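Since the model is a prediction, treat every value here as computed from it, not as a measurement. Naming: A, B, ... by sequence-line order, numbering from 1 per chain.
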Amino acid sequence: MSQRVDRIVERIRAIPEGFVRTYGDIDPRAPRLVGLVLSESHDPDLPWQRVVRADGSLAKGDEQRRLLLREGVPMRGERVDLREARFPPEL
DNA sequence: CGGATGACGCAGT
DNA sequence: TACTGCGCCATCC
């Protein structure tokens with residue numbers, strides 16, 4: 001796989017429990033690729049539920065919502081409260 | 001070598 | 001807030 005994909009996987013792995021990051025935080029130039037990687041990966045150690053859209057909405061609906069609530073991620077309705085739960089993007 | 005396609009982002013309306 | 005259009009990058013055809 002490309003090193004770009006490796007970087008994406010690394011960054012997803014690095015998201016701590018109770019926090020989330022957006023597709024754009026993980027790869028600003030290719031957010032859609034982030035989604036593709038997640039959809040293809042079957043790795044149980046990849047915390048896929050911690051990757052959300054830029055507005056806090058969830059790509060995987062209810063299941064994702066349950067998992068996030070279970071690890072204490074603050075929600076506002078159907079979306080994650082990013083002001084509280086966003087893990088800082090690297091500069 | 002185009003063209004379409006995704007767990008998307010952003011600006012404009 | 002919702003919807004639209006266009007940009008983005010690796011892949012697949």
Side-chain angles (χ1 to χ4, degrees):
Chain A
M1 287 303 246
S2 67
Q3 64 80 35
R4 185 164 205 144
V5 170
D6 296 333
R7 182 183 65 180
I8 288 172
V9 172
E10 279 307 299
R11 290 180 171 181
I12 295 173
R13 275 189 186 299
I15 308 172
E17 186 178 333
F19 289 85
V20 301
R21 289 185 79 198
T22 70
Y23 293 87
D25 290 341
I26 292 166
D27 190 333
R29 291 294 246 154
R32 310 187 73 141
L33 184 58
V34 176
L36 185 60
V37 169
L38 286 173
S39 67
E40 304 290 291
S41 173
H42 296 255
D43 187 343
D45 292 314
L46 254 196
W48 61 268
Q49 73 276 21
R50 298 179 192 148
V51 183
V52 305
R53 299 194 182 105
D55 65 354
S57 61
L58 309 177
K60 296 303 288 183
D62 239 60
E63 188 190 352
Q64 185 170 15
R65 179 168 132 274
R66 287 198 319 276
L67 290 170
L68 291 178
L69 285 174
R70 194 166 60 189
E71 47 184 84
V73 173
M75 308 275 304
R76 296 185 45 84
E78 293 302 290
R79 331 181 183 180
V80 170
D81 183 349
L82 289 178
R83 294 188 306 173
E84 284 285 333
R86 189 180 202 162
F87 189 65
E90 30 252 87
L91 315 173

Closer to the 5' end of DNA chain C via nearest nucleotide, is it A/Ala30 or A/Arg79?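 It is A/Arg79 whose nearest nucleotide is closer to the 5' end.
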Take A/Val52 and A/Leu36, find for each the nucleotide of DNA chain B with the closest heavy atom, and name the residue whose nucleotide sits nearer the 5' end.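 Here A/Leu36 is the residue nearer the 5' end.
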In whole Å, what is the span from the [atom1] atom of [X] to the [atom2] atom of [N]?
X	N	atom1	atom2	value
A/Arg29	B/dC10	CZ	C1'	14 Å
A/Leu58	B/dC8	CG	P	11 Å
A/Asp27	B/dG6	CG	C1'	14 Å
A/Arg4	B/dC8	CZ	P	17 Å
A/Glu40	B/dA7	CD	P	9 Å
A/Leu38	C/dA10	CG	P	16 Å
A/Asp25	B/dC8	CG	C1'	12 Å
A/Arg21	B/dG9	CZ	C1'	15 Å

We want to know whether A/Ser41 and A/Asp43 form a side-chain donor-acceptor pair, criterion being a heavy-atom distance below 3.5 angstrom.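 On atom types as modelled, these side chains do not qualify, holding no pair under 3.5 Å.
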Candidate nucleotides [options], ranked by approach to the side chain of [X] - the nearest:
X	options	result
A/Ala54	B/dC8, B/dC10, C/dA10	B/dC10
A/Arg32	B/dG9, C/dT1, B/dG6	B/dG6
A/Arg53	B/dC8, C/dC8, B/dC10	B/dC8
A/Pro31	B/dC8, C/dA10, B/dC10	B/dC8

Can you name the one residue among A/Leu33, A/Val51, A/Leu38 that meets side chain to side chain contact (heavy atoms under 4.5 Å, CB included) with A/Ile8?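 Answer to the side chain to side chain contact (heavy atoms under 4.5 Å, CB included) test with A/Ile8 among A/Leu33, A/Val51, A/Leu38: A/Leu33.
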Suppose you measure atom C1' in B/dA7 against the same atom in C/dC13; what distance do you get, rounded to whole Å?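 Per the computed distance, 23 Å lies between those C1' atoms.
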If you define the side chain from C-beta out and look only at heavy atoms, does anything of A/Glu78 sit under 4.5 Å from A/Arg65?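 They are in side-chain contact.
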Heavy-atom distance under 4.5 Å between the side chains of A/Arg50 and A/Phe87, does that happen here?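 The answer is no, as the side chains (C-beta and beyond) never meet within the 4.5 Å cut-off.
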Interatomic spacing from OG1 in A/Thr22 to CZ in A/Arg86 - rounded to 0.5 Å: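 Answer rounded to 0.5 Å: 4.5 Å.
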